[in-house]
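In what follows, a single structure is set out as structure tokens and then discussed.
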Amino acid sequence: MKETTPRERGLRLVAAIVIAFGILGLFSRRQLDNFRLNRQQLERERATLKFERQMIAAKPDLQRQYDELRTLMPVFKPDKAVDTHWLSIMDDIASKQHLNISRRQAGREEQSGEVYEFAIECREWDGRLDALVHFLYDLEREGVMLDVRHLYVRPHQSAPGFLRGSFTLYCAYMRDENASESSPSTVAGNESDANQNTDASLSNTTVATNATFETTSATATSLSNRLNRIRHRTAHGNTNRVSAAIQEASHE
């Protein structure tokens, strides 16, 4: 057997060290990638946990707001088509404010909990700035059931002083077996009808019960008026912001 020289033994040692470091480097890189992925997952889980804790803490306030808005929702029968109802409202307001909507398309109904949402995509509209602002303001006055999203505005190329663009109108509502057949009612209206039927069947209601009912009704009316005033101020604020944004877009 041939004896290896010190030089050969040194080269073999260096080669073994290089191979060992190469294997270690590949293994370490894989572990480092896994560590980064695990760290990103941990950050996402922490963010989700923080958001859920915030939602739990805000649950009473969110529930109160939901109860207020729920009473304003229109209610339809489960099998009633709603596209003609919302399209007629939009067309009436647009015609009143001289805003021309030439292309539109009704979307599909989507459900989130007990609230339904119906989208109307208006692909082409044109009109003056004041017509658009009054159109948006009248939609806001319809209540919480109408919401304009994805509003695009640009100057009209062939008509100076006019604007054109597109928007999507989202309509929110609820469905109930006790809703009216002819026209949509509201949750508060359905509850009021149920209370009236109950009162009619209970002919021996005491004076104290009537007094309590009147007090509750007055309180509900006061809360409703307060909510309407808040929504009215909000509508004015939104109108001013929309007007300023549209004027800036028209100048560009």
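The chain is numbered in sequence order, starting from 1.
- Atom CZ of Arg108 sits about 11.5 Å away from atom CZ of Phe118, to the nearest 0.5 Å.
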For residues 48-61, dump all side-chain donor-acceptor pairs below 3.5 Å to protein atoms at least two apart in sequence or in another chain.
from  : atom 1 : to    : atom 2 : distance (Å)
Thr48 : OG1    : Arg44 : O      : 2.9
Asp61 : OD1    : Arg64 : NH2    : 2.5
Asp61 : OD2    : Gln65 : NE2    : 2.8

Query raised in the report: Stepwise, does the side-chain contact (heavy atoms from CB on, under 4.5 Å) test hold for Leu139 with Val148?
Result: CA-CA 8 Å; Leu139 287 179; Val148 175; 3.6 Å; yes

Query - Derivation of the side-chain contact (heavy atoms from CB on, under 4.5 Å) call for Leu87 and Ile120 - result: CA-CA 8 Å; Leu87 286 172; Ile120 302 176; 3.7 Å; yes

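- For the pair Leu163 and Pro155, the tightest heavy-atom approach, listed with the atom from each and the gap, is CD2-CA, 4.1 Å.
- Environment of CD in Gln157: sparse, with no more than 12 heavy atoms of neighbouring residues, nucleotides or ligands closer than 6.0 Å.
- Ring-centre distance between His85 and Phe76: below the 6.0 Å cut-off.
- Salt-bridge check for Arg149 with Glu117: passed, with a basic side-chain N closer than 4.0 Å to an acidic carboxylate O.
- With contacts defined as side-chain heavy-atom distances shorter than 4.5 Å, the pair Leu132/Val153 qualifies.
- Aromatic ring pairs are classed by plane angle as parallel below 30°, tilted from 30° to 60° and perpendicular above 60°; the pair Phe167 and Trp125 is tilted.
- Looking at Arg39, Glu45, Glu43 one by one, the single match for side-chain hydrogen bond (donor to acceptor under 3.5 Å, both in side chains) with Gln41 turns out to be Glu45.
- Side-chain heavy-atom separations under 4.5 angstrom define the hydrophobic clusters, and Tyr170 shares its cluster with no other residue.
- When side chains are defined from C-beta on, Phe135 counts as touching Met90, because their heavy atoms get closer than 4.5 Å.
- Looking at every heavy atom in both residues, Pro78 comes nearest to Glu177 through CG-OE2, 3.5 Å.
- One finds the OH atom of Tyr152 at 15.5 Å from the CZ atom of Arg164 (value rounded to the nearest 0.5 Å).
- One N or O on the side chain of Gln111 and one on the backbone of Gly113 form a donor-acceptor pair closer than 3.5 Å.
- The distance from the CE atom of Met174 to the CD atom of Glu114 is 3.5 Å, given to the nearest 0.5 Å.
- The hydrophobic clustering, which links ILVMFWY residues whose side-chain heavy atoms are closer than 4.5 Å, places Phe162 and Leu129 apart.
- How far SG of Cys171 is from CD of Glu109: 11.0 Å, rounded to the nearest 0.5 Å.
- Two residues are said to be in side-chain contact when any heavy atoms from C-beta on lie closer than 4.5 Å; Leu136 and Leu151 meet this criterion.
- Taking NE2 from His134 and CZ from Arg128, the interatomic distance works out to 13.5 Å, rounded to the nearest 0.5 Å.
- Separation of atoms CG (Asp67) and CG (Leu62) is listed at 11.0 Å; rounding is to 0.5 Å.
- What you find for Thr168 and Ala119 is that their closest heavy atoms are CG2-CB, 4.3 Å.
- In this structure, Ser95 contributes its side chain and Asp91 its backbone to no donor-acceptor pair below 3.5 Å.
- For Glu121 and Arg123, the salt-bridge test passes: some basic side-chain N is under 4.0 Å from an acidic carboxylate O.
- A donor-acceptor distance shorter than 3.5 angstrom exists from the side chain of Arg175 to the backbone of Lys80, with no hydrogens or angles considered.
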Report task. Before giving the answer on side-chain contact (heavy atoms from CB on, under 4.5 Å), spell out for Trp86 and Leu146 the whole-Å C-alpha distance, their side-chain angles and the decisive distance to 0.1 Å. Result -> CA-CA 9 Å; Trp86 297 117; Leu146 297 179; 3.7 Å; yes

Report task. Take Tyr173 and Val82 through the side-chain contact (heavy atoms from CB on, under 4.5 Å) test and state the conclusion after the steps. Result -> CA-CA 9 Å; Tyr173 53 95; Val82 298; 3.4 Å; yes

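- Heavy atoms from other residues, nucleotides or ligands lying under 6.0 Å from CD of Glu124 number more than 12.
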